[in-house]
Amino acid sequence: MESQEFSEQIAEQRRMLASVRDGQEPPPVQNVQVTGWSADRSVKAVVRGGRLSEMSVDNSVPGRPSAEIGALMAEAANSALTAYRSQAPSATDPLPDLAAIGSEFRAASEQGGQLMAMIGSALSEAIAKVGDRTGMRGDPTPHGVEYMFADAMDLLRSAQAELARLGGAQVYGEGHDEGEEIEVTVRPDGTVAIDSLSNYARKMSPQDLGEAAQEAINDALSDWEEQREDGLPSADDVDDEALLKLSDRAMALSEQSMRHLSDYTSNLSAIMRSIGEP
């Protein structure tokens, strides 16, 4: 099922890219609403249209230390905003940190390659020991994994170089509620931080506290977006064809990885089915 859903997503992305190449506007994202929670689920944030449409606070939250309340609110808001931006991207959204992604991927690929090699080696040893008695046979070695990882790293480097000049202005947005009881900052990466929360705010009812935080966060988001819009690169700075080629490479690599995984698991299944065969 997951493989089918992934293939459908790839097909949809290809249709969208084709429409862009033909000069058509991509279909607008409508009615997107996402919910985010703090880790302990005491604070809920709902984002619609790029703004918080709701922030609900559990009865246990008021009265806690200001820093703890602020951390819970920021956690819920950032969870919802991240999910919303993935479903309804806009020009002002921050670009992903491809350098950090590359570092994490490099470490993961090294570990993954070592694990795959260990699995292949262990299975080869098992086949050598019991193959004559059980009929188990086949080659369990994963082939081409290192090339696939290398292609992915090369794609990340290409994307990082191409997108470096398109990041826009690195700005901070600031905002507060009407009573200035809660002060909020939106960082350059689009994440929310509660800078201060007054003693009066700590003693608010859950409903009033949630509404004040919602107002402050939305005020900061508006300030951040306005500054981002002013600092966006012009159309002349965007190489549409190069970006489309990067998208094609990314989707081709995704399809290749799915095929590789499918082929490898099929090969392992065939090895296991060979047990007892003449």
Side-chain angles (χ1 to χ4, degrees), residues 5 9 12 26-97 168-232:
E5 291 177 357
Q9 292 174 6
E12 178 62 24
V29 180
Q30 297 177 342
N31 302 321
V32 175
Q33 177 174 298
V34 296
T35 300
W37 294 86
S38 59
D40 65 358
R41 300 186 74 81
S42 63
V43 178
K44 178 179 79 171
V46 178
V47 172
R48 184 183 178 90
R51 297 290 184 274
L52 265 67
S53 61
E54 176 188 345
M55 176 161 274
S56 301
V57 177
D58 186 79
N59 292 333
S60 65
V61 174
R64 297 186 189 184
S66 296
E68 182 179 347
I69 296 175
L72 292 171
M73 289 177 165
E75 193 172 28
N78 287 326
S79 174
L81 286 167
T82 299
Y84 178 85
R85 288 166 182 156
S86 70
Q87 297 181 44
S90 72
T92 57
D93 288 349
L95 295 177
D97 187 348
Q170 300 300 293
V171 299
Y172 289 84
E174 297 179 348
H176 53 74
D177 63 307
E178 185 177 3
E180 299 187 9
E181 304 296 340
I182 301 176
E183 296 182 349
V184 175
T185 293
V186 178
R187 304 186 185 101
D189 63 359
T191 57
V192 167
I194 308 295
D195 295 325
S196 67
L197 190 145
S198 71
N199 284 328
Y200 177 78
R202 289 178 57 239
K203 300 173 184 177
M204 288 179 176
S205 68
Q207 180 177 350
D208 290 344
L209 179 57
E211 290 176 354
Q214 176 186 340
E215 184 180 9
I217 291 171
N218 284 341
D219 189 38
L221 284 169
S222 295
D223 181 46
W224 179 77
E225 278 195 1
E226 288 175 6
Q227 295 183 69
R228 286 281 295 167
E229 287 174 355
D230 291 340
L232 287 176

Check against side-chain contact (heavy atoms from CB on, under 4.5 Å), S222 and R51: CA-CA 9 Å; S222 295; R51 297 290 184 274; 3.3 Å; yes
Side chain to side chain contact (heavy atoms under 4.5 Å, CB included) partner of Q214, the single match among V57, L52, I182, D219: L52
Gap separating the CE atom of M204 from the CZ atom of R202, nearest 0.5 angstrom: 12.5 Å
Closest heavy-atom pair and its distance - S42, S60: CB-OG, 4.5 Å
Min side-chain heavy-atom separation D40-L72 under 4.5 Å: yes
Side-chain touch V171/D223, heavy atoms, less than 4.5 angstrom: no
Nearest atoms (heavy-atom pairs only) where I194 meets V184: CD1-CG2, 3.7 Å
Qualifying residues under side-chain hydrogen bond (donor to acceptor under 3.5 Å, both in side chains), relative to D177, sequence neighbours excluded: none
Min side-chain heavy-atom separation L81-T191 under 4.5 Å: no
Donor-acceptor contact below 3.5 Å, side chain R41 vs main chain W37: no
Nearest-0.5 Å distance that lies between atom OG in S90 and atom CZ in R85: 7.5 Å
Derivation of the side chain to side chain donor-acceptor pair (under 3.5 Å) call for S38 and E75: CA-CA 5 Å; S38 59; E75 193 172 28; 4.9 Å; no
Close side-chain approach of K44 to E54, heavy-atom, < 4.5 Å: yes
Heavy-atom pair with the smallest gap, counting every atom of A80 and V34: O-CG2, 3.1 Å
I217 CD1 to H176 NE2 distance, which is reported to the nearest 0.5 Å: 14.0 Å
Over all atoms of both residues, closest heavy-atom pair of Y172 and Q227: O-NE2, 2.8 Å
Side chains of M73 and L197 in contact at under 4.5 Å (non-hydrogen atoms): yes
Those residues that, when tested against S86, pass side-chain hydrogen bond (donor to acceptor under 3.5 Å, both in side chains) (two or more places apart): none
Partners passing side-chain hydrogen bond (donor to acceptor under 3.5 Å, both in side chains) against S66 (at least two apart in sequence or in another chain): none
Main-chain N/O of V46 paired to Q33 side chain as donor or acceptor, under 3.5 Å: no
Residue pair I69 / L209, side-chain heavy-atom distance below 4.5 Å: yes
Side chain proximity check, R228 to Q170, heavy atoms < 4.5 angstrom: yes
Nearest-0.5 Å distance that lies between atom CH2 in W224 and atom CZ in R187: 12.5 Å
Nearest atoms (heavy-atom pairs only) where N59 meets P206: OD1-CG, 3.2 Å
